[in-house]
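Protein chains get the first letters and strands the later ones, always in sequence-line order, with residue 1 at the start of each.
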Amino acid sequence: MKSAVIVFPGSNCDRDAQMALRKVSGQEPEMVWHKDANIPNGTDIVMVPGGFSYGDHLRCGAMAGNSPIIDALKAHADRGGYILGVCNGFQILTETGLLPGALMRNASLHFVCKQQTLRVENANTGFTSAYKSGQEISIPVAHHDGNYFADEKTLDTLEADGRIPFKYVGNPNGSAKDIAGITSANGRVLGMMPHPERAIGGHEGGSDGIGMFESLLQALTVNA
Amino acid sequence: MSTTKQKLPARDLQLKILEAMTAVQNEQDAAERGVNAEEYKVMLDRLGRAPNRVELGVIGEMWSEHCSYKSSRMHLAKFPTKGDRVIQGPGENAGVVDIDDGQACIFKMESHNHPSFIEPYQGAATGVGGILRDVFTMGARPVALVNALRFGEPSHQKTRSLVEGVVAGIGGYGNCVGVPTVAGETQFHKGYNGNILVNAMAVGLADQDKIFYAKGAVPGRSVMYVGAKTGRDGIGGASMSSAEFAEGDEEKRPTVQVGAPFTEKLLIEACLELMATDAIESIQDMGAAGLTSSAVEIADKGGIGIEMDMDAVPQRETNMTAFEIMLSESQERMLMILKPGREDVAKAIFKKWDLDAEVIGKTTDTGRFVLTQFGETVCDIPVPPLAEDAPKYDLPWNEPTPAPAVAREDIPTPANYAETLKTMLALPNMASKRWVWEQYDRHVMGDTVDSSESGGNAALVRVHGTDKALAICSDCNPQYVAADPFEGGKQAVAEAYRNLSSVGAEPVSITNNLNFGSPNQPDTMGYIVKAIEGMAQACKELDFPVVSGNVSLNNQTDGVPIPPTPVCGGIGLVKNIEETTTSSKARLGDVLMLVGDAGTHLNASLYLREVVGREEGPPPSVDLATEKRRGEFVRSLIKARLVTACHDVSDGGLACAAAEMGLGANVGVAINNAAFADDLDLLAHYFGEDQGRYLVAVSPGNVADAMAKAGEANIPFAPIGEFGGDSIQLADQSISIAELRQAHEDWMPEYMTSLD
């Protein structure tokens with residue numbers, strides 16, 4: 001599994017993403033600076049990490065969504081490559097249009113950092129095959145703007161097409177339909193607010209996030 | 001010197017500014033800058049003439065309490081600051097300790113009290129930013145933040161909005177820069193109604209061969225300014241925070257700085273990238289008194305002179321005067337002295353991160369502090385009076401009067417201990433602070449092993465990529481200090497020692513934040529002196545040196561000082577992360593065991609203060625030799641993996657500590673008194689706050705081994721209960737874990753959302 005992590009000014013989960021990818025794949029991920037024009041050839045999965053790219057100025061993810069590297073990211077998506085956007089990464093993916101909808105300020109108006117129970121709604125994706133549908137897992141959240149919003153039609157489409165792999169059990173931010181993460185129409189792009197890379201064992205976040213990276217490894221092995 | 005990038009004002013305005021800057025300042029001008037008549041005379045003597053406007057500004061800031069520690073310096077010298085693990089003690093940006101394998105832990109705590117009262121969000125946020133800079137200036141990557149907060153009583157009209165703003169400010173800054181906030185304390189007391197305390201601690205990691213200091217600059221080097229541009233925010237902040245408050249001081253808002261955590265994040269990455277090259281000779285962050293104090297520190301510690309051209313300083317606003325540039329406390333700025341020929345390396349790195357980096361001057365061999373603006377000299381004074389030779393006072397102080405004890409028979413016994421336990425766990429000072437810490441990112445960087453989440457004693461943060469960890473805590477019981485500053489000072493240090501021991505860490509050293517009222521009141525000065533002496537004695541006997549710290553005086557409003565609050569931030573080292581425990585890991589069937597004796601001391605306790613309503617009596621005394629032996633014993637139990645959970649006994653006594661362990665593990669606890677004499681004083685046993693005690697959970701199969709170890713070490717150690725069921729049982733009374741949890745968890749969110 002050849003992976004890359006995009007680093008924006010203000011990214012702060014880039015090292016966490018690097019650690020998780022290294023641990024699960026056994027290969028060193030490529031760290032790609034946002035001003036670069038290219039993602040290395042042969043990259044299977046690009047991670048868009050969490051943090052506060054550009055300090056959330058203007059709107060979370062808005063400025064990063066216009067960084068030079070984004071064209072290469074879109075090209076990677078067009079090729080059917082895998083993309084995982086976590087937290088600020090999810091916000092950036094909605095800003096680029098790779099995923100529908102938007103992330104609004106949490107309904108509580110407060111930043112929320114806690115261990116969060118998620119229910120796996122669809123285990124038939126490249127990101128979730130290591131889990132069972134209906135399984136509850138525990139993954140930390142840490143965000144101020146994780147309140148997912150889309151129009152009714154989009155929400156219905158996401159639901160009908162199995163593009164909501166994770167829902168919150170006990171909604172922490174007011175998200176529509178308790179959505180914790182959504183995928184693109186081809187199932188290769190996942191954006192989610194919870195942090196699977198902070199749940200890979202040996203720390204407070206637990207180890208339930210490992211399944212996501214193992215799923216990816218499996219999906220890429222099958223494809224290869 | 002570099003060519004100027006600033007758009008300079010027209011020559012006629014330049015001349016006007018120069019005229020104002022070079023105007024001779026008299027005693028009354030000095031008074032307006034917080035320099036009293038006596039200090040003004042000293043100034044005339046040191047300069048051999050009267051100062052001009054810029055010189056007075058520079059000297060006034062450097063002689064402020066905040067920068068000079070003029071009232072506390074001679075007492076601070078009592079702290080032990082050396083030890084086997086100490087690499088750098090007080091005097092640099094932060095303290096440095098050896099954590100083996102060529103690695104170092106760099107840490108410090110600092111207050112941002114006055115700014116946070118005036119403008120809570122920005123005050124608290126810039127407090128976090130400032131303490132982070134102290135740590136990464138020295139070459140450390142910051143890995144943890146801690147905060148110790150003290151607010152007025154909950155019913156005070158300002159408290160709720162101050163809590164809301166301070167917590168949002170800490171979170172807003174720490175979350176954005178991506179450093180986890182892993183521990184802290186939040187307390188309420190009417191003594192802080194007019195003067196809250198916001199103390200922030202930052203902890204970083206560095207390689208021992210890559211530590212950077214303010215000292216070490218030699219003449220003839222380039223002085224480089226990096227980071228954000230200079231604006232008019234925070235002008236005179238150091239002298240503002242050194243004055244006491246009066247009603248209406250919220251109007252001082254323009255003296256509060258504004259933080260930009262995104263810029264700080266870029267500054268961290270750029271500085272660490274530059275530090276990986278061999279370019280920096282000396283470096284100092286611009287904190288209180290901004291460019292003034294950073295340049296003075298570098299010049300003074302190097303024993304050299306410095307010359308700076310104001311026109312070369314990156315500026316955010318137009319027509320700034322030398323006075324404004326030198327006294328601005330704009331955030332996210334650093335001053336560094338570069339090794340010869342490294343200017344371009346530094347500029348390229350800062351350009352990558354979209355930050356300013358300009359050569360603004362050079363170091364000299366003159367020993368003088370020289371500033372120019374628009375081609376004219378606007379300041380030319382010797383360096384020593386600004387630093388080493390600044391005024392230092394031995395202020396008069398009164399021996400504090402010991403608080404008379406409340407007799408045992410005058411302390412009422414409650415009708416129901418279990419109900420009282422519930423009341424106590426829902427008191428503002430005992431209730432869960434989940435509302436606070438859920439607003440802090442505690443997990444970013446992926447190394448947080450245990451944070452506020454487990455309700456533990458100290459947080460555990462893994463040393464990245466190793467099996468080692470740092471244990472981190474912050475402690476102070478101001479009511480103990482108010483009742484007896486010497487014992488209370490000892491206790492703050494001992495509790496930090498205990499909190500680190502109770503997770504299995506070797507206590508290494510502390511930083512402290514000494515928050516008091518005005519040193520010019522002999523009564524208050526007496527508290528300062530005795531608290532320092534108490535802390536110093538504990539540090540010495542526990543082999544727990546002080547490596548950094550901050551003094552915050554004049555915390556008083558309209559003449560009334562805050563409760564004396566000397567906060568200790570403790571650092572411990574864990575060599576193997578597997579050999580640790582927390583307070584929340586007890587298991588069904590475990591035996592609850594007490595390290596130490598039955599409780600006896602109710603004076604100054606939480607029960608007496610907040611249940612009975614009498615804030616009276618002396619605090620429990622701390623026997624430091626006992627403290628040390630028991631700490632070693634508890635650590636040996638944890639290392640031998642004989643305990644599943646551990647919690648120190650502190651505020652609220654044994655019953656509160658046991659209940660917290662039960663809540664953490666979601667298991668009931670039945671406490672029995674079989675180990676004690678028939679005439680056991682139940683009230684004192686449950687809620688007394690005798691020191692040097694711990695509760696541990698031991699699986700039944702390990703009890704005999706643990707008892708044997710206690711026997712060898714001659715430590716009192718007895719089973720006092722069992723984990724099981726779904727309630728806490730005290731004597732023949734009980735309360736369900738669910739009910740207790742609700743009371744404990746609900747107080748803060750209900751308080752923050754109620755509209756009264």
Chemist: Top residue by heavy-atom pair count (under 4.5 Å) with chain A, among B:Glu438, B:Arg462, B:Lys265?
Modeler: B:Glu438
Chemist: Kindly indicate whether the side chain of A:Arg15, heavy atoms from C-beta on, has any atom under 4.5 Å from the side chain of B:Asp447.
Modeler: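 Of all side-chain heavy-atom pairs linking B:Asp447 with A:Arg15, at least one is under 4.5 Å.
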Chemist: Does the distance from a Lys or Arg side-chain N to an Asp or Glu carboxylate O, for A:Lys35 and B:Asp354, drop under 4.0 Å?
Modeler: yes
Chemist: List the steps, then state whether side chain to side chain contact (heavy atoms under 4.5 Å, CB included) holds for A:Arg198 with B:Val444.
Modeler: CA-CA 8 Å; A:Arg198 295 187 189 181; B:Val444 63; 3.4 Å; yes
Chemist: Non-hydrogen atoms of chain A under 4.5 Å away: do they reach the side chain of B:Val177, the backbone, both or neither?
Modeler: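 For B:Val177, the contact with chain A is made by the backbone alone.
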Chemist: Between the main-chain N or O of B:Cys176 and the side-chain N or O of A:Asn12, is there a donor-acceptor pair closer than 3.5 Å?
Modeler: yes
Chemist: Which atoms of B:Arg442 come close to chain A, meaning under 4.5 Å heavy atom to heavy atom: side chain ones, backbone ones, both, or neither?
Modeler: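 Its backbone and side chain both get close to chain A.
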Chemist: Using 0.5 Å steps for rounding, measure from the CE atom of B:Met445 to the SG atom of A:Cys13.
Modeler: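 Between atom CE of B:Met445 and atom SG of A:Cys13 there are 10.5 Å.
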Chemist: Counting only non-hydrogen atoms closer than 4.5 Å, does A:Ser108 touch chain B with its backbone (N, CA, C, O), its side chain (CB onward), both, or neither?
Modeler: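 Neither part.
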Chemist: With a 4.5 angstrom heavy-atom cut-off, could you sort out which part of B:Glu269 is near chain A: side chain, backbone, both or neither?
Modeler: neither
Chemist: Which bit of A:His143 comes within less than 4.5 Å of chain B, counting heavy atoms only: side chain, backbone, both or neither?
Modeler: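 For A:His143, there is no contact with chain B at all, as no heavy atom is under 4.5 Å.
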Chemist: Within 45 degrees of the ring normal and closer than 6.0 Å to the centroid, is that where the cationic atom of A:Lys114 sits relative to B:Trp437?
Modeler: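 Ring-cation test returns no.
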Chemist: Please round to the nearest 0.5 Å and tell me the distance separating atom CZ of A:Phe52 and atom CZ of B:Phe262.
Modeler: 12.0 Å
Chemist: For the candidates A:His110, A:His203, A:Met19, which exhibits the highest count of non-hydrogen atom pairs separated by less than 4.5 Å from chain B?
Modeler: A:His110
Chemist: Counting only heavy atoms not in A:Glu28 (residues, nucleotides, ligands), do more than 12 fall under 6.0 Å from its CD?
Modeler: yes
Chemist: Could you verify whether a donor N or O on one side chain and an acceptor N or O on the other, from B:Thr448 and A:Glu204, lie under 3.5 Å apart?
Modeler: no
Chemist: Yes or no on side chain to side chain donor-acceptor pair (under 3.5 Å) for B:His443 and A:Gln115, after CA distance, side-chain angles and deciding distance?
Modeler: CA-CA 10 Å; B:His443 303 140; A:Gln115 203 65 27; 5.0 Å; no
Chemist: What class does the angle between the rings of A:Trp33 and B:Trp353 fall in, given that below 30° is parallel, 30 to 60° is tilted and above 60° is perpendicular?
Modeler: perpendicular
Chemist: Is the side chain of B:Asp441 donor-acceptor paired with the backbone N or O of A:Ala142 at a distance under 3.5 Å, no angle test?
Modeler: no
